[in-house]
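Structure record follows, encoded as structure tokens.
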Amino acid sequence: MTFSVEAVRADFPILSRNVASGKRIIYLDSTATAQKPLSVIQAMDRYYRFSNANIHRGVHTLAEEATAAYEGARQKVASFIGAFSSREVIFTRNTTESINLVAQAWGRSNLQPGDLILLTEMEHHSNLVPWQMLAAEKDLRLEFIPVSDDGELDLAEYERLLEQSPRLVAFTHMSNVLGTINPAKEMIARAHSAGALTLVDGAQSVPHFPVNVKDLNTDFLAFSAHKMLGPTGIGVLWGREKLLAAMPPFLGGGDMIKKVHLRSFTPNDLPHKFEAGTPAVAEAVGFGEAVAYLETLGMDNVAAHETDLTRYALQRFAELPGVRVLGPAAEKKGGVISFVMDGIHPHDVAQLLDRDGIAVRAGHHCAMPLHERYQLPATSRASFYVYNTREEIDLLILSLARVRELFS
Ligand code: C6P
């Protein structure tokens, strides 16, 4: 299919609204959460109007339809990431919960005091804090692959750290601050040859370019629906079936059991073993629809569109005096532009852009250690997705030039 950004934009009702300033919204905050196409909104609406019921429990028509919709969504997601089987796709609340699941279920039962977990300096708090908590509980060691001034991982140092035989290497596929796309496939191969398992934080990769678990050859992959045109409240942990099967449950309750006695229980089969309680059924339906939407666009087209926007944005940012953009050159970067303007606080920048209808995020973007690495308390961040255009980038640059004027 040929990719037409005009046609894509027409699918997103929110993009035609004006914001407080009376200006048409320019949404440049998809790294935080993406907007939703009408097909996703309608699928969830249809589900609640016609098929709402609890799943895996009833024999009535609605319960069967709801179960089929939920399990159908799992299959769509499994095929989207090239999973071997939908048993490997665990629905969680989000990337954060997926990583906590691995830390608690795999980490607690497999790691011993003194074991090493290797992370990177560019991690989101979601891929730091669960390991800090586990390390404190089990007396584990944490080490970090350093990030260069240009926002790339120091792979020579990675090799040296692998000599310490980590049990797990957990890293982000794409940084939510620098935009850096890490060489995940090579890093995973190196981790495996050092005897470590791997967890890839795919929160920013799965929505933006083709990610195939067979090709990556990772052991775990975590991502969130809301960053890929789907609803909030649902995410995925993909894991190798053998690993998931050997892991104890994470949460206990309904649906994750086969049998319960007063003093014991038998866990359910995969994937249900890790899905305790009534899950987010309508959200799964919306998620399935979001995946279908992205498949219709084609993930290669999605990636090419964002590469074009990123290159263009970097060119235009270079025209602005006194602006520093973090992260590597366009070839190694996804559609995330974090920047600082000399003498102007990132929050002021974001607030002034909002007056022009431009939505960007300001702060540490849940990556405080990375900001510490660059000795910056905060950055402003513009990020792109399928519905953004070069014209919107022009308006951003114009607005930033006005911000500069205001402060000079
Ligand atoms: N980053 C951002 O504005 P959740 O919140 O669980 O859906 O995703 C967490 C997460 C994990 N890893 C990476 C690389 C991420 O970017 C995020 C979410 C958003 O940058 C919200 S803080």
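Note that ligands are numbered from 1 as they come in the structure, with each ligand's atoms numbered from 1 the same way. For the single chain, residues carry numbers from 1 onward in sequence order.
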## Note on the structure
for atom 16 (O) of ligand 1, nearest protein heavy atom and its distance come out as Q204 NE2, 2.7 Å

### Query
Do S126 and ligand 1 have an N or O pair less than 3.5 Å apart?
no

### Query
Where's the contact between T95 and ligand 1, heavy-atom distance under 4.0 Å: side chain, backbone, both or neither?
both

### Query
Heavy-atom distance to atom 6 (O) of ligand 1: which of I99, N100, T96 wins?
T96

### Task
Ignoring hydrogens, just give me the one of H124, H365, K227 whose non-hydrogen atom is nearest atom 19 (C) of ligand 1.
K227

### Query
Under 6.0 Å from the six-membered ring centre of F84 and within 45° of its axis: does the NZ or CZ of K214 meet both?
yes

### Task
Quick one: look at S224 and ligand 1, take heavy-atom pairs under 4.0 Å, and tell me if it's side chain, backbone, both or neither.
side chain

### Task
With heavy atoms under 4.0 Å as the rule, classify the contact between R381 and ligand 1 as side chain, backbone, both or neither.
side chain

### Message
Heavy atoms only, cut-off 4.0 Å: how does E97 contact ligand 1, side chain, backbone, both, or neither?
### Response
neither

### Query
Do F407 and E405 pass the side chain to side chain contact (heavy atoms under 4.5 Å, CB included) test, and can you show the C-alpha distance, the side-chain angles, and the key distance before you say yes or no?
CA-CA 5 Å; F407 276 81; E405 265 172 37; over 6 Å; no

#### Entry: Location of contacts on H226 toward ligand 1, heavy atoms closer than 4.0 Å
side chain

### Task
Between T172 and ligand 1, find which residue part has any heavy-atom pair under 4.0 Å and reply side chain, backbone, both or neither.
side chain

#### Entry: Residues D215, K185: salt bridge by 4.0 Å N-O rule
yes

### Query
What atoms of ligand 1 come closer than 4.0 angstrom to any heavy atom of N176?
1 (N), 2 (C), 16 (O), 20 (O)

